[in-house]
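In what follows, a structure is listed as structure tokens, so that the remarks can point back to it.
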Amino acid sequence: MKILKLRQKPRILRGLQYLDKRLELDHDNKRMLSNLEKGLLGESLFDEYISHFIYSEVLVLNDLLLVNKGTTFQIDSLMITLDTIYVFEIKNYSSSFVMSDGEFQSISGQTYQNPLIQLAKVKRNLESLLSEWGIHIPIEANIIFINSTFFLYEAKLEDPMIQPGQIELFLTSINKKARNLEKRHHYLARKLVEAHNTGAIIQKALPNYHYNHFKKGLTCLNCGSFNLELTQRSCYCNSCLNKNLLKEVILDHIYEYQFLFPEHKLTVTNIKDWCGSDISINSIRTVLNQHFKLIGYSRDAHYE
Ligand SMILES: [Zn+2]
């Protein structure tokens, strides 16, 4: 098994996590953050299943964003085997759901978008794209319900859904059918990565924010807490007991600052203000010198 495209944290999720540490997010953004975190957790768990149970010759591509005739579609996980392309839509829903008359509902009565409709669209778009590329390998698309607490009442045998207790068996059955791949499979994998890199980018916008509204200071790399104790070289978190080198923490805060304020100049003074008063100018300058290039002199000096 070879992973040709790794999963990355979505930009919107990274941004919302930064905002959540230092600002009061409104209810909708809090909910979006929690859904995105839960989604990524589920996808990462499926990645673990794949690396654990798939040992045959298959190519894995995660988190593809593709465009077919102007329509953008996303694939959580795609697996290329000799005679089948597997597409997985991963859902991290917890507790019990019911599917009746095409309605997908939680047992408490909340209606969700029917994941089968979404899956069918993804499959259609991929089929059309591959046929345009002259590739004719059958596609099998499935929804993976990854959360061990999930249970679906009134599921039909023919519905392409794999419930938590079936995932292991499903993946091991792929090994049994798998044979050595050919050149055309590697060509397809390269073509998909290429299409992902040149395709459209869905960029959900972060809520508006202003520098002055942020709580400044160092935060824990693990849990985001401001409750830290610093020594000359290390940073201890009193909330989660995580320990990091101080220079790692400063570097992470520089990346955070660049992410949130790409229009601001990277200077020792700006980073000092962002990291708060507990940290020395010298420590910040050392990290900036190690990882960035100093441009200009005296008052114009900044890093890139
Ligand atoms: Zn912590």
Side-chain angles (χ1 to χ4, degrees), residues 7-10 12-17 19-20 24-54 60 62-65 71-79 86-126 139-174 202 204 207 223-224 240:
R7 193 175 304 288
Q8 283 180 332
K9 186 187 276 192
I12 178 79
L13 174 55
R14 188 175 164 202
L16 284 173
Q17 283 176 332
L19 298 189
D20 188 48
E24 203 52 54
L25 281 179
D26 66 22
H27 176 73
D28 285 352
N29 282 306
K30 273 257 185 218
R31 207 171 63 176
M32 177 160 44
L33 172 61
S34 143
N35 286 341
L36 287 167
E37 281 176 335
K38 200 172 171 190
L40 184 63
L41 209 65
E43 289 161 12
S44 308
L45 186 57
F46 185 62
D47 297 345
E48 280 175 34
Y49 268 95
I50 287 191
S51 56
H52 199 83
F53 293 111
I54 295 284
V60 178
N62 293 314
D63 203 12
L64 290 169
L65 198 59
T71 304
T72 301
F73 63 104
Q74 198 188 340
I75 298 176
D76 290 339
S77 189
L78 180 142
M79 207 189 274
Y86 292 93
V87 167
F88 301 108
E89 171 72 29
I90 299 146
K91 296 288 181 203
N92 192 6
Y93 298 142
S94 36
S95 82
S96 301
F97 283 68
V98 63
M99 178 86 90
S100 76
D101 298 332
E103 286 259 302
F104 186 69
Q105 281 188 336
S106 69
I107 212 79
S108 59
Q110 197 185 343
T111 302
Y112 286 69
Q113 230 183 6
N114 185 339
L116 289 173
I117 295 174
Q118 192 190 346
L119 185 76
K121 273 189 203 158
V122 168
K123 190 180 175 200
R124 259 201 319 275
N125 276 309
L126 185 64
I139 297 171
E140 183 181 328
N142 281 289
I143 297 166
I144 301 278
F145 291 105
I146 194 78
N147 196 303
S148 59
T149 67
F150 176 87
F151 184 79
L152 183 65
Y153 289 98
E154 298 182 41
K156 287 192 197 131
L157 191 62
E158 65 270 25
D159 282 342
M161 296 189 290
I162 297 166
Q163 300 209 40
Q166 304 171 300
I167 301 173
E168 183 181 332
L169 195 63
F170 180 82
L171 292 178
T172 45
S173 74
I174 291 179
I202 299 178
K204 276 193 193 125
C223 74
C240 74

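No experiment lies behind these values; they were computed from the predicted model shown.
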Please work out whether the ring planes of [X] and [Y] are parallel, tilted or perpendicular, with thresholds of 30° and 60°.
{"X": "F151", "Y": "Y153", "result": "perpendicular"}
{"X": "F170", "Y": "Y86", "result": "perpendicular"}
{"X": "F145", "Y": "F150", "result": "parallel"}

Looking only at non-hydrogen atoms, find the nearest pair between [X] and [Y] and report the distance.
{"X": "L16", "Y": "P207", "answer": "CD2-CD, 3.9 Å"}
{"X": "L119", "Y": "P160", "answer": "CD2-CG, 3.8 Å"}
{"X": "G42", "Y": "N92", "answer": "N-ND2, 3.5 Å"}
{"X": "P164", "Y": "S148", "answer": "CB-CA, 4.0 Å"}
{"X": "T149", "Y": "S95", "answer": "OG1-N, 3.0 Å"}
{"X": "Q166", "Y": "M161", "answer": "OE1-O, 3.9 Å"}

Let me confirm one number: the [atom1]-[atom2] distance from [X] to [Y], rounded to the nearest 0.5 Å.
{"X": "E89", "Y": "Q118", "atom1": "CD", "atom2": "CD", "answer": "4.0 Å"}
{"X": "K123", "Y": "N142", "atom1": "NZ", "atom2": "CG", "answer": "9.0 Å"}
{"X": "I143", "Y": "Q163", "atom1": "CD1", "atom2": "CD", "answer": "10.5 Å"}
{"X": "L33", "Y": "L25", "atom1": "CG", "atom2": "CG", "answer": "6.5 Å"}
{"X": "L126", "Y": "L78", "atom1": "CG", "atom2": "CG", "answer": "6.5 Å"}
{"X": "I167", "Y": "F46", "atom1": "CD1", "atom2": "CZ", "answer": "7.0 Å"}

Answer yes or no: is there a donor N or O on one side and an acceptor on the other, between the side chain of T111 and the main chain of Q105, under 3.5 Å?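 No, because the side chain of T111 does not come within donor-acceptor range (under 3.5 Å) of the backbone of Q105.
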Just by distance, do the side chain of D76 and the backbone of I90 share a donor-acceptor pair under 3.5 Å? yes
Q74 and D63: side chain donor to acceptor below 3.5 Å: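 Yes, side-chain donor-acceptor contact under 3.5 Å.
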So, S94 and K38: side-chain donor and acceptor under 3.5 Å apart, yes or no?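 A donor-acceptor contact under 3.5 Å links the two side chains.
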Begin with the C-alpha distance, continue with both residues' side-chain angles, and end with the deciding distance and a verdict on side chain to side chain contact (heavy atoms under 4.5 Å, CB included) for E168 and H52. CA-CA 9 Å; E168 183 181 332; H52 199 83; over 6 Å; no
Dump the intermediate steps for side chain to side chain contact (heavy atoms under 4.5 Å, CB included) on M79 and F88, then the final yes or no. CA-CA 8 Å; M79 207 189 274; F88 301 108; 3.8 Å; yes
If you apply the rule side chain to side chain contact (heavy atoms under 4.5 Å, CB included), what do you find for M99 with N114, and how did you get there? CA-CA 9 Å; M99 178 86 90; N114 185 339; 3.8 Å; yes
Other residues, nucleotides and ligands only: do more than 12 of their heavy atoms fall within 6.0 Å of CD on Q8? no
What pairs of residues pass the salt bridge (Lys or Arg N to Asp or Glu O under 4.0 Å) test when at least one of them lies in residues 142-158, not counting sequence neighbours? none
Centres of the Y93 and F104 rings: under 6.0 Å?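 Judged by ring-centre distance (under 6.0 Å), Y93 and F104 do meet the cut-off.
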May I ask you to test the L36-L40 pair for a side-chain heavy-atom distance under 4.5 Å?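 No, side chains not in contact.
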Would you mind reporting whether I54 and V60 have side-chain heavy atoms less than 4.5 Å apart? no
